Number of protein chains: 2
Amino acid sequence: MYAENKLFKNLPEQYLKRIPFYHQILSELALKNEAYVSSRYLAGFFNVDETQIRKDISLTGYKGKPKYGYSVQGLKEAIEAYLGINYHNTAVLFGAGKLGTALIEYEGLADYGLEIIAVFDNNPVKIGSPVGHFNILSPSALPRVIRSFDIGIAILTVPKTAAQEVCDQVTAMGIKAIWNFAPLQLSVGMDVILRNENLAAGAALLSYYLKKSNHRQEGP
Amino acid sequence: MYAENKLFKNLPEQYLKRIPFYHQILSELALKNEAYVSSRYLAGFFNVDETQIRKDISLTGYKGKPKYGYSVQGLKEAIEAYLGINYHNTAVLFGAGKLGTALIEYEGLADYGLEIIAVFDNNPVKIGSPVGHFNILSPSALPRVIRSFDIGIAILTVPKTAAQEVCDQVTAMGIKAIWNFAPLQLSVGMDVILRNENLAAGAALLSYYLKKSNHRQEGP
DNA sequence: AAAAAATCGTGATTTTTTTCTCAATAAGCG
DNA sequence: CGCTTATTGAGAAAAAAATCACGATTTTTT
Ligand SMILES: NC(=O)c1ccc[n+]([C@@H]2O[C@H](COP(=O)([O-])OP(=O)(O)OC[C@H]3O[C@@H](n4cnc5c(N)ncnc54)[C@H](O)[C@@H]3O)[C@@H](O)[C@H]2O)c1
Ligand SMILES: NC(=O)c1ccc[n+]([C@@H]2O[C@H](COP(=O)([O-])OP(=O)(O)OC[C@H]3O[C@@H](n4cnc5c(N)ncnc54)[C@H](O)[C@@H]3O)[C@@H](O)[C@H]2O)c1
């Protein structure tokens with residue numbers, strides 16, 4: 001969740017975080033053959049004012065049309081260009097367990113230009129066996145894979161006890177972005193882009209809001 | 001990601017979001033038998049100043065000890081109490097597919113007080129078959145389950161085409177919190193707590209930062 | 001052709017979040 | 001015990017984000 005930005009100060013972090021969500025909404029609208037969308041409609045999905053949506057969009061440089069709003073297709077493409085979606089990023093995945101397997105077989109990643117090139121696991125029983133359309137490799141094969149492909153991202157779905165070690169290995173080999181699913185805060189160098197997908201944090205916040213709303217019903 | 005807060009204005013949203021991460025770090029430190037932790041150490045994991053950490057922690061009401069920092073165990077428990085972790089929240093899961101199965105078999109949820117009570121899928125082939133220690137139920141059994149258990153949360157791991165429909169069904173039956181893994185923005189009533197776990201958004205932001213850092217290397 | 005309506009774009013303002021500064025406190029030590 | 005040090009806690013200041021207010025633009029209506 002954090003640390004992506006250590007490298008890139010002075011861009012409006014919060015604005016940026018909303019942009020991928022606009023892209024999703026636009027994709028839905030495109031399927032329904034909607035031609036235009038207003039900032040007010042988009043604002044309905046978020047807890048912000050519609051002006052804020054316009055400011056966010058202005059980051060991409062895309063211009064709306066007074067009275068009509070934004071062209072769904074045009075804005076969608078502008079966001080794709082701005083975020084670099086479709087630029088074809090390559091990744092390796094570590095940890096062919098339950099979650100790793102789900103991700104490997106998930107087609108949704110390709111929609112965001114992310115292609116998994118190879119899958120690693122250190123369990124000797126798993127090495128060599130198939131998962132999706134991959135054969136699981138031993139981590140010792142990583143240097144070879146990195147030499148053959150220009151790998152941008154390492155996806156970590158290993159147990160949390162192994163995550164820091166694997167993270168150190170892949171960054172030592174020059175990988176510059178980590179997508180971490182293990183429930184811990186990794187330490188990385190300043191030049192590494194780190195994104196934590198932290199389900200436990202999500203569960204904890206849900207729990208907090210639930211507790212609060214129950215409490216409210218009891219109170220005066 | 002958004003919309004949790006529509007109900008709860010005027011608490012420092014950003015502070016709150018960091019708190020579950022502190023809990024994770026504290027759990028690690030507790031395993032290593034560390035007795036104290038400083039705000040500076042915690043700040044090292046985030047892109048914020050150490051005073052901000054102290055302000056975040058002050059939300060929970062827990063007090064540190066000058067010269068030593070915060071008691072790892074004490075702060076951990078204070079966060080648990082504050083967030084309502086361990087309060088035992090009950091959930092139903094819809095969509096026993098790849099991701100749903102991974103979640104069902106994931107022990108990590110229990111650490112945050114989340115217990116899955118029942119699993120639903122509308123695929124006739126799957127209904128009745130086992131997943132983890134559950135038998136998959138038909139969605140038509142939902143009213144019965146809700147009558148027998150006090151279900152707080154619905155976890156949605158159905159395809160995005162089905163997500164809004166399932167969301168409407170469960171909220172109509174009185175479920176007040178949705179944990180959505182489908183890559184779309186759901187529309188919910190003002191009284192429903194919604195949390196989106198949006199991997200696609202994560203992939204998109206990674207892609208953006210990668211594009212930016214490559215660009216930088218080329219530039220002057 | 002002018003008026004009305006919808007919506008964008010943006011500068012000004014307000015609110016929220018973060019950082020800065022520093023006094024207060026507890027611990028260790030000569 | 002008094003001095004030094006590390007660290008908290010809290011108010012002031014700064015920065016960032018969100019909202020407000022309104023002029024500009026395009027379409028629709030009369
Ligand atoms: N299952 C879920 O739904 C879920 C959800 C959120 C987060 N997570 C997190 O994702 C991670 C994986 O979870 P899982 O349920 O898939 O666990 P799992 O045990 O099914 O899979 C982990 C895999 O990693 C492999 N592994 C262990 N050490 C390794 C190493 N050094 N190098 C390469 N591979 C290694 C194991 O052999 C195993 O195949 C955990 O950190 C977990 O906390 C899981
Ligand atoms: N697989 C992943 O790693 C992953 C990652 C992120 C997000 N997601 C999202 O999670 C969702 C599930 O992904 P998946 O890969 O597990 O897909 P999947 O196709 O393996 O599983 C979906 C399941 O939902 C069931 N289903 C469909 N309609 C239903 C309904 N109306 N009621 C109950 N059950 C219904 C299907 O029978 C199927 O078993 C998708 O929205 C996907 O975009 C998946």
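Here is the naming used below: chain letters follow the sequence lines, and residue numbers restart at 1 for every chain. From a predicted model like this one, the values you see are computed outputs, not experimental measurements. Atom set for the values below is all heavy atoms of this structure, side chains included, hydrogens, waters and symmetry mates excluded.
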| Presence of donor-acceptor pair under 3.5 Å, side chain of K67(B) and base of dT5(D) | yes
Worksheet item: Do the side chains of N196(A) and Q185(A) get nearer than 4.5 Å, heavy atoms only?
Response: yes
On DNA chain D, more 5' by nearest nucleotide between Y15(A) and Y68(A) is Y15(A)
With Y22(B) as partner, the option from Y82(B), Y62(B), F46(B), Y70(B) fulfilling ring pair (Phe, Tyr, Trp, His ring centres under 6.0 Å) is F46(B)
Closest to the side chain of Y70(B), out of dA26(C), dG9(D), dA21(D), is dG9(D)
Between CD of Q14(A) and C1' of dT18(C) the distance, given in whole Å, is 12 Å
### N/O (side chain, Y62(A)) to phosphate O (OP1/OP2, dG9(C)) under 4.0 Å
no
Next item on the list: Please determine if a side-chain N or O atom of S39(B) lies less than 4.0 Å away from the OP1 or OP2 oxygen of dT8(D).
Entry: yes
From CD of E50(B) across to P of dC22(C) the rounded distance in Å is 16 Å
From CG of D49(A) across to P of dT13(C) the rounded distance in Å is 17 Å
Taken to the nearest whole Å, CZ/R54(A) to C1'/dG11(C) is 13 Å
- For residues Y208(A) and I19(B), determine if any side-chain heavy atom of one lies less than 4.5 Å from a side-chain heavy atom of the other. no
As a check of understanding: the bend across the helix from dA1(C)-dT30(D) to dG30(C)-dC1(D), end axes from five pairs, rounded to 10 degrees, works out to 0°
Exercise for the section: Side-chain contact test, heavy atoms from C-beta onward, threshold under 4.5 Å: evaluate it for L206(A) versus L210(A) and give yes or no. Expected result: no
- Item | Any donor-acceptor N or O pair under 3.5 Å, side chains Q24(A), N198(B) | yes
From CD1 of I53(B) across to C1' of dT17(C) the rounded distance in Å is 13 Å
Mind checking if S58(A) touches a base, just sugar-phosphate, or nothing, with heavy atoms under 4.0 Å?
nothing
note: D56(A), atom CG; dT10(C), atom C1'; distance rounded to Å ~ 14 Å
TODO: Determine: side-chain N/O of K17(A) to OP1/OP2 of dA16(D), distance under 4.0 Å, yes or no.
DONE: no
With heavy atoms under 4.0 Å as the rule, sort S38(A) into base, sugar-phosphate or nothing. sugar-phosphate
*Hey, is the side chain of K55(B) pairing donor to acceptor with the base of dG11(D) inside 3.5 Å?*
yes
- Query: Any side-chain N or O of Y36(B) under 4.0 Å from OP1/OP2 of dT8(D)?
  - Reply: no
| query | How about F120(A) and V166(A): do any of their side-chain heavy atoms sit closer than 4.5 Å? | reply | no
Tested for side chain to side chain donor-acceptor pair (under 3.5 Å) against H23(B), the lone hit among K76(B), E80(B), E77(B) is E80(B)
Item checked: Any K65(B) side-chain nitrogen or oxygen under 4.0 Å from OP1 or OP2 of dA27(C) -> yes
Can E28(A) and K32(A) be counted as an ion pair, charged N to O under 4.0 angstrom? no
When rounded to whole Å, the CD1 to C1' distance for the pair I57(A) and dC8(C) reads 10 Å
In whole angstroms, the gap separating P of dA15(D) from CG of N47(B) amounts to 16 Å
